[in-house]
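Here the structure is a predicted model, which is why all the values come from computation and not from measurement. A, B, ... follow the sequence lines: proteins, then strands. Residue 1 opens every chain.
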Amino acid sequence: MGKEDNSKSLNFIEEIIEHDLKTDKHDGKVLTRFPPEPNGYLHIGHAKSICLNFGLAEKYNGKCNLRFDDTNPLTEEVEYVESIKEDIRWLGFDWEDREYYASDYFDQLYEWAVKIIKKGFAYVDESSADKVAATRGTPTRAGEESPYKNRSVEENLDLFERMKNGEFPDGSKVLRAKIDMASPNMHMRDPVIYRIKHASHHRSGDKWCIYPMYDWAHGQSDYIEGITHSLCTLEFEVHRPLYDWCLDHILDDPEGYRPRQYEFARLNLNYTVMSKRMLLSLVKDAYVNGWDDPRMPTISGLRRRGYTPESIKNFAERVGVAKRENVIDIGLLEYCLREDLNKKAQRILGVINPLKAVIENYPEDKTEELDAVNNPEDESMGTRKIPFSRVLYIEKDDFMEDPPKKFFRLSPGREVRLRYAYFIKCKDVIRSKDGEITELTCTYDPASKGGQSPDGRKVKGTLHWVSAAHAVKAEIRLYDRLFNTEDPYDFEEGRDFTSNLNPDSLKTVTGYIEPFIKDSKAGDKFQFERLGYFCIDPDSAKDKHVINRTVTLKDTWAKISERQG
RNA sequence: UGUCCGAUGGUGUAAUGGUAGCACUGCAGAUUUUGGUUCUGCCUGUCCAGGUUCGAAUCCUGGUCGGACAGCCA
């Protein structure tokens, strides 16, 4: 029912597309593109855009191109190109052979620039960058015309060619579109469309020393590729008149095919930052351990953290597409993650904060293999054996000497169930000299094997546990949100966003995991019962298990106990 | 004293002139060998003022509030 309703309700872009389809605007074709600049790693915000562009193509039987918007050689690197491709592929999208680069269009872009110079719509300006900025005016005050604006076409052509030939140093000249310095839209005030950069480009090498600006490259690239719907974020809304202006002035038939730009609201998430500048700074200044640090909102970070592509795609679906600014609760992302992992994850028992429990009446040399279900949500995943013996580890949080109301785990004299094993009762508490609880002495009921007693008596709590002698030691990395504040951009004067960093975003502990973990490899995902979802980190080695906590399970008890104070 | 865009529960997002719905969150309960999952119920909303209309979240007018734009970044 809900699903059916959803399929009927369209977002505003789908409405536009369906309308275009109905009116046969592009011969029934839909061609979108995802246009990243290779100057950083992709993040969850990009994932929304990827899912939108590729998703629309899938839905309307169209295609989506991958196009690197690589017009600025100073900031772009091959490393980023590679990571971007890997991330999109991992999300499950395929651009087939349509891997394009704006830099592949440099020749065409240059020709078009010459074309508009000839038509009198562009000029070479040799004002300094400061001068250009100073004469641009303000949003409420018109700019001033450049003294170079009225050069002859011949002079402009000559100068532009010499710019291309490398005769002038960086910053000495630019090519500007001749539009309107008094336009209320700042972007129409004779925008710079070419600048000189004697820099080597990751693809074109040293062929060029002039590079087109975004505004001169994007719409034209869309046109070259035959893009029907060019989707971008809201901040490009004010660029749209320029996007259209460029097309108007290069096309022989402006009434014929042309791409259209549509803008949607970018994704914002609380408790994290999405700006490339800030993410770069977190990496460069070593606040995190690289772009794929599991605390990063990058796709590679989420992947390493243990997120699944499905959970991210589902998230993108749920946040929707609209033009209204939004801040999504990180809780929704985590909900989508748990929803997916709950269906798929192998369950195992692992203890993160161990407390030794000795079963007094269990034979010292005995070991039993007990049956455990691999995934209660998916019977086909089968069962496995877990070793049980006299000395166990249980979770420290599962024992309280003086429990408050509603605590139904272990405490002196109380009986609980060990999952898949036996009922046990706590008899004694052993302490160190400084009073810390170091060990519990318990007894078990041999008749309760498997977790049920023949007399039908009930216990309220079920605890996870491992057999100390059989457990596998592991380094467990407990991650928490990277920032303490919902809005990390909101920081005190004189400080910066890093003042909002959560100092406890990573805690490393030693845990004990049931032997099943031995055969796992990097990327494998598990639910440690009652604790959360975990995955094997690539830092793992043959003799060293490193495990990331992806996300905790929903914890009703934590909520209750917090409320009780 | 600019141009453009936006405004629906706590957060997102539908309703396209005809009963304001869905998801997440929160709260209450049922089930449960994970205080997980699942299931049930409940709370909470159309920025304001006029107008058009039998009827307005939707159309019109005027406000208010929020955002984007002054890189030789994208």
Side-chain angles (χ1 to χ4, degrees), chain A residues 1-2 5-6 8-11 15 35-37 39 69-72 74-76 102 125 128-129 132-134 136-143 170-176 183-189 191-197 211 213-215 217-218 232-241 263 265 270 276-277 317-329 331-332 334-336 338-339 342-343 347 349 372-373 376-377 406-409 417-421 450-452 458-464 527-532 552-561:
Chain A
M1 179 77 175
D5 288 349
N6 280 341
K8 270 184 228 156
S9 94
L10 307 175
N11 65 50
E15 273 177 13
E37 185 192 10
N39 69 345
D69 218 337
D70 55 352
T71 56
N72 185 355
L74 263 24
T75 55
E76 296 153 6
D125 193 338
S128 68
V132 170
R136 196 177 342 256
T138 69
T140 53
R141 205 190 67 238
D170 288 9
S172 60
K173 289 179 178 50
V174 289
L175 183 69
R176 287 230 252 173
S183 170
N185 181 338
M186 299 288 294
H187 295 278
M188 299 300 269
R189 320 239 266 225
V192 171
I193 57 177
Y194 264 96
R195 71 293 212 194
I196 303 172
K197 283 177 191 283
Y211 292 91
M213 297 285 289
Y214 165 87
D215 288 303
H218 206 94
C232 62
T233 45
L234 253 27
E235 67 268 30
F236 290 98
E237 222 156 10
V238 281
H239 289 247
R240 183 160 19 106
E263 311 86 12
N270 57 14
K276 273 191 185 179
R277 202 199 94 233
E317 185 65 38
R318 278 178 205 243
V319 299
V321 178
K323 298 196 71 157
R324 184 187 344 170
E325 302 278 356
N326 60 80
V327 181
I328 309 290
D329 194 321
L332 183 63
E334 293 177 342
Y335 171 84
C336 294
R338 292 189 184 106
E339 183 187 43
N342 176 53
K343 288 183 293 193
R347 313 286 135 118
L349 303 185
V373 173
E377 307 294 319
K406 289 191 183 166
F407 180 89
F408 36 85
R409 279 115 94 142
R417 170 169 40 233
L418 293 181
R419 174 136 242 226
Y420 299 127
Q452 263 164 325
K458 302 270 188 226
V459 290
K460 280 213 124 171
T462 300
L463 312 188
H464 60 278
Q527 183 197 104
F528 289 7
E529 293 209 27
R530 302 210 307 135
L531 292 179
T552 60
L553 250 29
K554 200 172 131 194
D555 191 348
T556 307
W557 164 243
K559 216 177 278 172
I560 295 169
S561 80

Starting from [atom2] on [N], measure out to [atom1] on [X] and report it in whole angstrom.
{"X": "R318(A)", "N": "U25(B)", "atom1": "CZ", "atom2": "C1'", "value": "13 Å"}
{"X": "K343(A)", "N": "U38(B)", "atom1": "NZ", "atom2": "P", "value": "10 Å"}
{"X": "N342(A)", "N": "U37(B)", "atom1": "CG", "atom2": "P", "value": "7 Å"}
{"X": "N270(A)", "N": "C24(B)", "atom1": "CG", "atom2": "P", "value": "17 Å"}
{"X": "R189(A)", "N": "G71(B)", "atom1": "CZ", "atom2": "P", "value": "11 Å"}
{"X": "E339(A)", "N": "U38(B)", "atom1": "CD", "atom2": "P", "value": "8 Å"}
{"X": "N39(A)", "N": "A74(B)", "atom1": "CG", "atom2": "C1'", "value": "7 Å"}
{"X": "R419(A)", "N": "U37(B)", "atom1": "CZ", "atom2": "C1'", "value": "11 Å"}

Mind listing the closest non-hydrogen atom pair of [X] and [Y] along with its distance?
{"X": "T71(A)", "Y": "A217(A)", "value": "CG2-CB, 3.7 Å"}
{"X": "K406(A)", "Y": "W557(A)", "value": "O-CZ3, 3.5 Å"}
{"X": "E529(A)", "Y": "L349(A)", "value": "CB-CD2, 3.8 Å"}
{"X": "E377(A)", "Y": "N342(A)", "value": "CG-O, 3.4 Å"}
{"X": "K554(A)", "Y": "R338(A)", "value": "N-NE, 3.8 Å"}
{"X": "R195(A)", "Y": "K197(A)", "value": "NE-CE, 3.3 Å"}

remark   = Contacts of G451(A) and D125(A) projected onto RNA chain B by closest heavy atom; the upstream (5') one is G451(A)
ask   = Which comes earlier along RNA chain B counting from the 5' end, the contact point of K460(A) or that of D329(A), where each point is its nearest nucleotide?
value = D329(A)
Contact list (N/O, under 3.5 angstrom) for nucleotides 68-70 of chain B vs protein:
unit_1: C69(B); atom_1: O2'; unit_2: H187(A); atom_2: NE2; d: 2.9

Determine the interatomic distance between [atom1] on [N] and the same-named atom on [M]; round to the nearest Å.
{"N": "C5(B)", "M": "G62(B)", "atom1": "P", "answer": "14 Å"}
{"N": "A14(B)", "M": "C65(B)", "atom1": "C1'", "answer": "24 Å"}
{"N": "A70(B)", "M": "U61(B)", "atom1": "P", "answer": "30 Å"}
{"N": "U25(B)", "M": "C72(B)", "atom1": "C1'", "answer": "47 Å"}
{"N": "G41(B)", "M": "G50(B)", "atom1": "P", "answer": "39 Å"}
{"N": "U58(B)", "M": "U8(B)", "atom1": "C1'", "answer": "11 Å"}
{"N": "C47(B)", "M": "C43(B)", "atom1": "C1'", "answer": "22 Å"}
{"N": "C69(B)", "M": "C60(B)", "atom1": "C1'", "answer": "29 Å"}

Give one of base, sugar-phosphate or nothing for [X], where a contact means two heavy atoms less than 4.0 Å apart.
{"X": "V459(A)", "value": "nothing"}
{"X": "M213(A)", "value": "sugar-phosphate"}
{"X": "T75(A)", "value": "nothing"}
{"X": "K559(A)", "value": "sugar-phosphate"}
{"X": "D215(A)", "value": "nothing"}
{"X": "V319(A)", "value": "sugar-phosphate"}
{"X": "P35(A)", "value": "nothing"}

Of the listed nucleotides [options], the one nearest the side chain of [X]:
{"X": "A322(A)", "options": "G36(B), C72(B), U13(B)", "value": "U13(B)"}
{"X": "N72(A)", "options": "C73(B), U37(B), C72(B)", "value": "C73(B)"}
{"X": "L332(A)", "options": "A74(B), C24(B), U34(B)", "value": "C24(B)"}
{"X": "E529(A)", "options": "U34(B), C24(B), C72(B)", "value": "U34(B)"}
{"X": "N11(A)", "options": "A74(B), G36(B), A14(B)", "value": "A14(B)"}
{"X": "I328(A)", "options": "U34(B), G12(B), G35(B)", "value": "G12(B)"}

ask   = Hey, does the side-chain of E377(A) have a donor or acceptor N/O within less than 3.5 Å of a partner on the base of U38(B)?
value = no
[atom1]-[atom2] distance between [X] and [Y], expressed to the nearest 0.5 angstrom:
{"X": "H187(A)", "Y": "R240(A)", "atom1": "NE2", "atom2": "CZ", "answer": "12.5 Å"}
{"X": "L531(A)", "Y": "L553(A)", "atom1": "CG", "atom2": "CG", "answer": "8.0 Å"}
{"X": "L234(A)", "Y": "F236(A)", "atom1": "CG", "atom2": "CZ", "answer": "11.0 Å"}
{"X": "D69(A)", "Y": "E76(A)", "atom1": "CG", "atom2": "CD", "answer": "8.0 Å"}

request  = State whether the side chain of T233(A) and the backbone N or O of E235(A) hold a donor-acceptor pair below 3.5 Å, judged by distance alone.
outcome  = no
Determine: side-chain N/O of [X] to OP1/OP2 of [N], distance under 4.0 Å, yes or no.
{"X": "R324(A)", "N": "U13(B)", "answer": "yes"}
{"X": "R195(A)", "N": "A74(B)", "answer": "yes"}
{"X": "T556(A)", "N": "G36(B)", "answer": "yes"}
{"X": "K197(A)", "N": "C72(B)", "answer": "no"}

key: Sub-4.5 Å side-chain heavy-atom contact between H218(A) and P35(A)   = yes
key: Chi class for G71(B): syn within 90° of 0, otherwise anti   = syn
Can you name the atoms? Protein N/O to nucleotides 41-44 of chain B N/O, anything below 3.5 Å, with the distance.
none

key: Structure string for RNA chain B in dot-bracket form, Watson-Crick and G-U at under 3.5 Å, | interchain   = .((((((..((((....[..)))).(((((.......)))))....(((((..]....))))))))))).....
ask   = Are the ring of Y214(A) and the base ring of A74(B) both nearer than 5.5 Å at their centres and tilted by less than 30°?
value = no
For D125(A), the option from K173(A), R176(A), R136(A) that meets salt bridge (charged side-chain N to carboxylate O under 4.0 Å, His left out) = R176(A)
Between R419(A) and T462(A), a side-chain donor and acceptor under 3.5 Å = no
